[in-house]
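To start, the structure under review is shown below, and the notes come after it.
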Amino acid sequence: MHTLVFCILYLFIGVLASSNGIRADPTDLQLYQFFLNLEYLQDALLSSGLNTFSDTAFTNASFPAWTRRRFQQIAQHGTSHIQLLKSALGKSAPAPCNYTFPYNDVNSFVTLTSTLKSITVSSYIGGIQYVDSRKTLPALTAAASILSNQARHSAWIFSAVQKGGAWSSAFDSPLGLPQTYSLITPYIASCPSTNPKLPVAAFPRLSLLQSNYTAGAAVTFNYSIPYAGPTYLALYNGLDMSYFPVSANKTATLPPNLSGIVYAVLSSVATGLNSTTTLAGPLVLHFPS
């Protein structure tokens with residue numbers, strides 16, 4: 001069982017990291033540049049939302065009075081993460097990009113923050129394996145410390161704010177760098193031309209036609225890819241991966257036992273997902289837990 005799990009992890013994180021000819025194993029420098037970009041993204045979202053919505057706006061949206069102050073604390077933690085990563089990278093640190101966030105009220109701001117927190121946790125889990133602890137043990141410790149802090153943020157938003165489960169399963173899902181980049185690309189408007197080039201490329205975008213969905217129901221996807229063969233939906237929750245056929249009209253039936261955060265990937269095969277068999281995605285799905 002454990003051998004199977006680690007084989008799945010290798011396929012999902014390691015092999016996918018080599019998509020589109022990008023090298024499979026980023027250097028420590030590239031990895032921490034990527035993490036810093038993630039921290040910049042969250043910092044921009046929190047700054048934008050907190051500057052837009054007052055304490056009154058949060059209470060008018062039926063959140064407790066202390067909610068906004070907790071988000072301020074999370075933003076302060078993010079500032080500390082940025083300072084640490086910039087200090088470690090020195091002159092190799094990228095500058096923040098320009099971002100665009102599709103929220104229009106407090107609730108959509110909270111939902112987007114929750115989603116980005118989940119993506120960040122998964123990205124740290126998937127990326128931390130590339131740190132060469134023989135050379136940079138303090139950096140590995142720092143990344144693990146940030147990961148733990150991000151996971152606490154995510155659990156707090158899911159449970160105390162959104163009144164859901166603080167966790168999805170016994171294991172959090174790791175994401176490879178190209179998968180994370182594919183998920184955050186829609187929020188990046190532009191980046192300074194002087195920024196170091198990231199060792200990743202995005203997969204084609206995958207989305208749902210319907211805004212409401214439930215486990216066990218049929219859903220229809222939206223994607224545009226130069227491929228006409230058999231198509232499957234790969235669902236990744238914790239350390240488990242399962243596959244389901246996608247019909248010619250881009251519809252698939254979700255299994256009934258999904259909970260928490262689930263990553264969906266469009267695949268050309270029904271087993272052994274890798275960079276060459278990934279057609280589109282990932283897409284973040286969130287189910288009650």
Side-chain angles (χ1 to χ4, degrees), residues 9 12-20 22 26 30-31 33-46 48 78 94 96-103 108-128 130 146-147 150-151 153-154 157-158 168 172-191 198-209 211 213 219 221-225 233-238 241 258 260-267 273-275 277-287:
L9 284 175
F12 199 69
I13 306 171
V15 180
L16 279 182
S18 63
S19 70
N20 299 324
I22 304 299
Q30 291 171 326
L31 182 64
Q33 288 170 338
F34 189 85
F35 286 161
L36 180 55
N37 276 285
L38 271 180
E39 297 291 344
Y40 281 148
L41 177 66
Q42 294 177 87
D43 178 70
L45 173 59
L46 287 165
S48 174
C97 297
N98 296 312
Y99 308 98
T100 177
F101 300 112
Y103 66 80
S108 55
F109 163 71
V110 169
T111 298
L112 181 55
T113 303
S114 176
T115 298
L116 287 183
K117 281 292 178 184
S118 296
I119 293 170
T120 299
V121 169
S122 292
S123 181
Y124 269 92
I125 296 172
I128 205 170
Y130 297 119
I146 293 175
L147 166 59
Q150 294 284 5
H153 294 166
S154 179
I157 297 172
F158 276 136
S168 299
D172 283 319
S173 301
L175 284 177
L177 268 61
Q179 297 164 311
T180 302
Y181 187 65
S182 299
L183 287 168
I184 67 174
T185 294
Y187 309 117
I188 302 174
S190 63
C191 293
L198 294 173
V200 290
F203 292 110
R205 190 174 182 183
L206 179 66
S207 61
L208 279 178
L209 288 184
S211 57
Y213 53 88
V219 291
F221 293 93
N222 182 38
Y223 51 87
S224 179
I225 54 175
L233 177 66
L235 296 180
Y236 193 63
N237 183 209
M241 182 177 291
L258 297 175
I261 292 294
V262 177
Y263 296 107
V265 177
L266 200 68
S267 171
L273 181 69
N274 60 41
S275 61
T277 60
T278 296
L279 300 174
L283 166 66
V284 180
L285 302 177
H286 188 199
F287 300 92

### Pair Y263 and Y236, ring centroids less than 6.0 Å apart
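Centroid distance Y263-Y236: not below 6.0 Å, so no.
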### Query
Aromatic ring centroids of Y213 and F287 under 6.0 Å?
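Between F287 and Y213, which both carry aromatic rings, the centre distance is below 6.0 Å.
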Between [X] and [Y], which heavy-atom pair has the shortest distance, and what is it?
X    : Y    : value
S114 : F158 : OG-CE2, 3.0 Å
F35  : I128 : CZ-N, 4.3 Å
A44  : F101 : C-CE1, 3.7 Å
G127 : L31  : O-CD2, 3.2 Å
Y124 : L147 : CB-CD1, 3.8 Å

Distance from [X] atom [atom1] to [Y] atom [atom2], nearest 0.5 Å?
X    : Y    : atom1 : atom2 : value
T120 : E39  : OG1   : CD    : 6.5 Å
S122 : K117 : OG    : NZ    : 13.0 Å
L41  : Y187 : CG    : OH    : 8.5 Å
L116 : H153 : CG    : NE2   : 14.0 Å
R205 : N222 : CZ    : CG    : 9.0 Å
I119 : Q42  : CD1   : CD    : 9.5 Å

### Working for side-chain contact (heavy atoms from CB on, under 4.5 Å), residues I125 and L175
CA-CA 7 Å; I125 296 172; L175 284 177; over 6 Å; no
### Query
Any luck finding a side-chain donor-acceptor pair between Y181 and S123 under 3.5 Å?
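No, S123 and Y181 have no side-chain donor paired with an acceptor closer than 3.5 Å.
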Short side-chain to backbone donor-acceptor contact, [X] and [Y], under 3.5 Å:
X    : Y    : result
T277 : N274 : yes
S154 : Q150 : no
T115 : T111 : yes
Y40  : P94  : yes
S168 : I261 : yes
S173 : G238 : yes
T113 : F109 : yes

### Message
If you define the side chain from C-beta out and look only at heavy atoms, does anything of Y223 sit under 4.5 Å from L283?
### Response
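With C-beta onward as the side chain, the pair stays apart.
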### Task
Flag the pair L233 / S267 as yes when at least one side-chain heavy-atom distance between them is below 4.5 Å, and no otherwise.
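Side-chain contact under 4.5 Å: no.
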### Task
Walk me through it: do C97 and N37 pass the test side-chain contact (heavy atoms from CB on, under 4.5 Å)?
CA-CA 8 Å; C97 297; N37 276 285; 4.1 Å; yes
### Message
Quick check on side chain to side chain contact (heavy atoms under 4.5 Å, CB included): which of L206, L266, V265 does P282 satisfy it with?
### Response
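The option that passes is V265.
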#### Entry: From CA spacing to verdict: side-chain contact (heavy atoms from CB on, under 4.5 Å), F34, T180
CA-CA 10 Å; F34 189 85; T180 302; 3.8 Å; yes
### Query
Which is it for L45 and Y99 under the side-chain contact (heavy atoms from CB on, under 4.5 Å) test, yes or no, and what are the steps along the way?
CA-CA 8 Å; L45 173 59; Y99 308 98; over 6 Å; no
